Amino acid sequence: MDATYFRKGFGLKAEVKPVISAEYDSALLERIRSRANVDRFGDVTIHLAKDFGFCYGVDRAVDYAYQARHKFPDRRIFLVGEIIHNSHVNQRLRERGIEFIYPDDDGRYDFRSITAEDVVIIPAFGVTIGDLERLRKTGCVLVDTTCGSVLLVWKRVQQYARDGFTAVIHGKYKHEESRATASQVLNYENGRYLIVRNLDEAEVVGRYLVGHPDRIGRDDFLRRFRKCSSTGFDPDRDLAKIGVANQTTMLATESLAIGARLREMMARSFGEDHARTHFRSFGTICSATQERQDAVIEMMSDEPPDLMIVIGGYNSSNTNHLAHLCRDHATTFHIATADCINTGTGAIRHKPELDPHAPEVTAWNWMPAGPFRLGMTAGASTPDNQIGKAVARVLAIRGIEVEL
Ligand code: SF4
């Protein structure tokens, strides 16, 4: 039996809106927004970035999850992984009886308990073609919330595969979206992919590709990219024609630099004509990620705030990149949720590095004694109420009470 498939919700937006507003909106944030994103509370001036928080893809995914619950109040509902990387939102969904299926270390999901009576939600990141196929075969109701911007990347890498180009994807091989994107090429006979984490890894690939004297050997290459490449990947064969794409939430400047570096190496070694026919690139950072990154760049370049708080899951790619962009300009605290700010002790728990696995640390006496300007932004998976709560907690430490 094939699954029943829904990609546009159930037409219940109006019914679930009051619930979603009650769970995720913030009157305090609305007040600051209405004052051109700058508001003063005692000796603390809050500056909100021009764009921050929930993006269109997350809005839609959360909306569809609530619609699914409303539509099927008595059925088991499962989520493949997390709907988005935000613990607060995920906890709210758990409270509504939605069960999460997490992958093992190799990214494999166990769907054996799913039956035709169940409802399964596909998150905004999408799932691999293999997982989609297995889910279809269960006969369940599938609610697909894959973001349209992710679907655009899929189209791009599918085109690469059709035309005989290996998709070189700037992303994290363990990230659900990168796995799903990479899998799209496997529907094509000679579809290949290689996931590179950053500019350093792209350099390794580029040197191999052009036969640079300092390139690593074939065995080292295969060892290094074993988990990040398609089965049977052969660097001697599969780097001849490459097309660059990226996970939608990477640092835009780094994605551009990777594409430019690989093309430059190819053109310098084999000539411009060769590069024109053997290299393709297409920026697939989504507009929401781009706008949030642009907004913090603007905030940091005008007059950086004294302190910056960036809110979002520690495993949220776009949040990590926002914090990274701020660190060179202002003292920055990347916090997972508002609860990281302790109004009792005045301490703040935060992740001080870009690495999503870096340990959380606690900072004491982190606020200036006198007046200060606090900049705030949040990743695309952070709801307004978490941001409003964080503002209120900062102010509470200063003895300023505000309505949430
Ligand atoms: S960050 Fe971009 S790609 Fe991801 S869900 Fe939001 S809009 Fe879609």
Side-chain angles (χ1 to χ4, degrees), residues 7-9 20 24 49-68 79-90 92-93 121-128 143-158 167 169-184 195 244-256 282-297 310-325 334 336 354 356 377-384 386-387:
R7 242 203 82 70
K8 299 199 166 160
I20 292 177
Y24 302 118
K50 203 155 64 183
D51 286 292
F52 62 89
F54 267 17
C55 59
Y56 48 86
V58 167
D59 253 341
R60 181 171 161 278
V62 170
D63 180 41
Y64 287 4
Y66 278 77
Q67 286 195 35
L79 239 167
V80 184
E82 298 185 333
I83 191 134
I84 50 173
H85 289 149
N86 183 278
S87 55
H88 172 76
V89 176
N90 289 322
R92 285 278 174 277
L93 295 178
I121 301 171
I122 294 175
F125 318 112
V127 294
T128 65
V143 182
D144 189 351
T145 77
T146 308
C147 179
S149 294
V150 174
L151 295 176
L152 284 179
V153 189
W154 292 3
K155 277 196 187 140
R156 184 58 52 177
V157 297
Q158 286 163 358
I169 301 162
H170 175 215
K172 298 166 188 164
Y173 82 90
K174 281 195 168 181
H175 194 285
E176 302 93 318
E177 185 194 313
S178 282
R179 282 180 193 275
T181 295
S183 78
Q184 300 305 313
I195 301 175
V244 177
N246 46 260
Q247 188 181 311
T248 54
T249 50
M250 299 306 277
L251 200 55
T253 47
E254 191 174 37
S255 288
L256 286 173
F282 191 85
T284 50
I285 297 287
C286 78
S287 59
T289 298
Q290 186 72 62
E291 284 158 11
R292 279 150 190 72
Q293 291 179 8
D294 288 348
V296 288
I297 290 168
V310 182
I311 312 165
Y314 291 155
N315 56 348
S316 157
S317 172
N318 77 90
T319 311
N320 275 303
H321 291 130
L322 290 176
H324 182 66
L325 285 170
H334 173 184
L354 176 64
T377 188
S381 45
T382 305
D384 276 5
Q386 278 299 304
I387 308 163

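Note that the coordinates shown come from a computational prediction; the quantities given were computed from them, not determined experimentally. As the structure lists them, so they are numbered: ligands from 1, and atoms in each ligand from 1. When a residue number appears, it is its place in the shown sequence, counting from 1.
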**Request:** Flag the pair Thr181 / Gln247 as yes when at least one side-chain heavy-atom distance between them is below 4.5 Å, and no otherwise.
**Result:**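 Heavy-atom side-chain distance check fails, nothing below 4.5 Å.
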**Asked** Side chains of Ile285 and His321: closer than 4.5 Å at any heavy-atom pair?
**Response**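 With C-beta onward as the side chain, the pair stays apart.
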Main chain of [Y], side chain of [X]: is a donor-acceptor contact present, judged purely on distance under 3.5 Å?
| X | Y | answer |
| --- | --- | --- |
| Arg156 | Val244 | no |
| Asn86 | Ser381 | yes |
| Glu176 | Ala124 | no |

**Prompt:** If you draw a sphere of radius 2.8 Å around atom 6 (Fe) of ligand 1, how many protein N/O/S atoms end up strictly inside it?
**Reply:**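 Atoms of protein N, O or S type lying less than 2.8 Å from atom 6 (Fe) of ligand 1 total 1.
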**Prompt:** For the residue pair Phe54 and Tyr24, does the interplanar ring angle fall in the parallel (under 30°), tilted (30 to 60°) or perpendicular (over 60°) class?
**Reply:**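 Correct class here is tilted.
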